[in-house]
Amino acid sequence: MKALVVKDLHKSFGNVRAVVGFTLEMEEGEFVTLLGPSGCGKTTVLRTVAGFEKADKGEIYIFGKLSNDIPPEKRDVGMVFQNYALFPNMTVAQNIAFSMMIRKEPQDKIKKRVGELLELVQLSGLENRYPHQLSGGQMQRVALARALAKNPKILLLDEPLSALDAKVRQQLRGEIRKLQMKLGITTLFVTHDQEEALTMSDRIVVMKDGVIQQIGSPRQIYDDPINPFVAHFVGTSSFLEGEMLDGKIFIWKDERFEVRKSKVKNGKALMVLRPTHLKMVKDEENVPDGSNVMKGRVSLVTFLGSVVRVHVMIKEEEILVEMPSEDFWGFKEGDEVIVYFSPDFPLVFPKEQNIQ
């Protein structure tokens, strides 16, 4: 039995179509992320699964049970909101216990469960504090514990890390994923942050304008995007406009590149180059046989910690190259360089498909 099945979901607000034909099946214990820009419909999907929005059309099954008409409090889901939504006049323990108190569960059971959850989210000893006495990361842990308090079958997370600073966000990202794996709870996560999606998910659902663009593993989404929008939104890329010949040769300006993955046989086309798939040297003799080659000049070098990003101007267009910091050879602005790549890496799409 699937943990969650959403069939042909449609939802509009007035004349605005927020979700169009959304369909998804999730296995028990799976971590799936809805990824896309603001306004793409991902939060609407989440709120509809939770029961806070009513679908115009479509069906939602939670562990085989049709749930469209079941109120939120009776669905087997727990939700963590973007703004935490903690009760300011309640202590940490009271916030966590809220759903159990509403159900009038025995006090000893509530106390035991709150203690277990505090330990689970690493907040033991803070049970008597109020939300205003907590950091953003601590408040997010309380919100997570509260969502888990009623032992939901599915956990829904609506951009829970967006308000946190980068270091705390990165730490909590790992903690949430480890916790989810430890509990084995089916989790549907919403974010517009591609790094969060790539590092946390079993599968990613990329959305645009209320429509699913692609569903796949993080590696599938990154290495084999289905269209230019996915390639643009997930990861960094350079885009070259040119023409395909016989499904094998991409012509860009006066350059000819051999490619092995093209969705175009002949005609105008768009080639996508991932910066991690490009290599750079100063001497052409160091280029492996069979590589596609471009000559250019370094315009900018950016140190990003574990990687270095080099901007190379080639025929008045900027191409991005990334390499591990330890492999960086000290290229600097103004250097004449040779950029090369294997025919296996570039992706070629029809020119009429939009990047954004």
Peer 1: Who are the ring pair (Phe, Tyr, Trp, His ring centres under 6.0 Å) partners of F331, not counting sequence neighbours?
Peer 2: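 Partners of F331 under the ring pair (Phe, Tyr, Trp, His ring centres under 6.0 Å) test: none.
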Peer 1: Is the NZ or CZ atom of K11 positioned over F13's six-membered ring, under 6.0 angstrom from the centre and within 45° of the axis?
Peer 2: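 Yes, K11 and F13 form such a contact.
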Peer 1: Could you please spell out the steps behind the salt bridge (Lys or Arg N to Asp or Glu O under 4.0 Å) verdict for E30 and R203?
Peer 2: CA-CA 8 Å; E30 191 176 21; R203 286 189 298 153; 2.5 Å; yes
Peer 1: Look only at the side chain of E318 and the backbone of H311, and say whether a donor-acceptor pair between them is shorter than 3.5 Å.
Peer 2: no
Peer 1: Report the residues that fulfil side-chain hydrogen bond (donor to acceptor under 3.5 Å, both in side chains) with Y84, sequence neighbours left out, ordered by chain and then residue number.
Peer 2: none
Peer 1: Does R113 pair with D108 as a salt bridge, N-O distance under 4.0 Å?
Peer 2: no
Peer 1: Who pairs with R219 by side chain to side chain contact (heavy atoms under 4.5 Å, CB included), at least two apart in sequence or on another chain?
Peer 2: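 Partners of R219 by the side chain to side chain contact (heavy atoms under 4.5 Å, CB included) criterion, ordered by chain and then number, come out as S217, D223.
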Peer 1: Are E258 and K248 ion-paired here, with the side-chain N under 4.0 Å from a carboxylate O?
Peer 2: no
Peer 1: Does the ring centre of F303 sit less than 6.0 Å away from the ring centre of F328?
Peer 2: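 Aromatic pair excluded; centres sit 6.0 Å or further apart.
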Peer 1: Between R297 (side chain) and E333 (backbone), is there a donor-acceptor pair under 3.5 Å?
Peer 2: no
Peer 1: Thinking salt bridges, do K42 and D158 make one under a 4.0 Å N-O criterion?
Peer 2: no
Peer 1: Can R274 be said to sit on top of Y222's aromatic six-ring, NZ or CZ under 6.0 Å from centre and within 45° of the ring axis?
Peer 2: yes
Peer 1: With a 3.5 Å distance limit and no angle check, can you tell me whether S201 reaches the backbone of V32 through a side-chain donor-acceptor pair?
Peer 2: no
Peer 1: Please say whether more than 12 non-hydrogen atoms of neighbouring residues, nucleotides or ligands are located less than 6.0 Å from CD in E241.
Peer 2: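 Counting neighbours around CD of E241, 12 or fewer heavy atoms of other residues, nucleotides or ligands fall under 6.0 Å, so no.
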Peer 1: Is the shortest side-chain N to carboxylate O distance from E317 to K253 below 4.0 Å?
Peer 2: yes
Peer 1: Suppose we screen for side-chain hydrogen bond (donor to acceptor under 3.5 Å, both in side chains). Which residues come up paired with E119, at least two apart in sequence or across chains?
Peer 2: none
Peer 1: Check each of I221, N227, V234 against Q214 using the side chain to side chain contact (heavy atoms under 4.5 Å, CB included) test, and report the only one that passes.
Peer 2: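 Option passing the side chain to side chain contact (heavy atoms under 4.5 Å, CB included) with Q214: I221.
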Peer 1: Look only at the side chain of N292 and the backbone of F257, and say whether a donor-acceptor pair between them is shorter than 3.5 Å.
Peer 2: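 Pair absent, no side-chain N/O of N292 close to backbone of F257.
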Peer 1: One thing to verify: whether E243 and K268 come together as a salt bridge, which I'm taking to mean a side-chain N less than 4.0 angstrom from a carboxylate O.
Peer 2: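 E243 and K268: not salt-bridged.
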Peer 1: Flag yes if more than 12 heavy atoms outside R260 fall under 6.0 Å of its CZ atom; otherwise flag no.
Peer 2: yes
Peer 1: Between Q180 and R177, do the side chains contain a donor N or O and an acceptor N or O under 3.5 Å apart?
Peer 2: yes
Peer 1: Could D335 and K332 be called an ion pair, given the rule that one side-chain N must be under 4.0 Å from one carboxylate O?
Peer 2: yes
Peer 1: Test your reading of the model: is there a side-chain donor-acceptor pair from Q194 to the backbone of G235, 3.5 Å cut-off?
Peer 2: yes
Peer 1: Which pairs would a plain distance check flag for residues 14-28, meaning a side-chain donor or acceptor within less than 3.5 Å of a matching protein atom at least two apart in sequence or in another chain?
Peer 2:
unit_1 : atom_1 : unit_2 : atom_2 : d
T23    : OG1    : D8     : N      : 2.9
E27    : OE2    : K2     : NZ     : 2.2

Peer 1: Give a yes or no on whether the backbone of V281 and the side-chain of N286 come within a donor-acceptor separation of less than 3.5 Å.
Peer 2: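 No, N286 side chain to V281 backbone: no donor-acceptor pair under 3.5 Å.
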Peer 1: Test the K153-F63 pair against the cation-pi criterion, namely NZ or CZ under 6.0 angstrom from the six-membered ring centroid and within 45° of the ring axis.
Peer 2: yes
Peer 1: Is K263 positioned over the aromatic face of F349, cation under 6.0 angstrom from the ring centre and no more than 45 degrees off axis?
Peer 2: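 Ring-cation test returns no.
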Peer 1: Tracing side-chain links under 4.5 Å among I, L, V, M, F, W and Y, which residues wind up in one group with L304?
Peer 2: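 For the cluster that includes L304, the remaining residues are V307.
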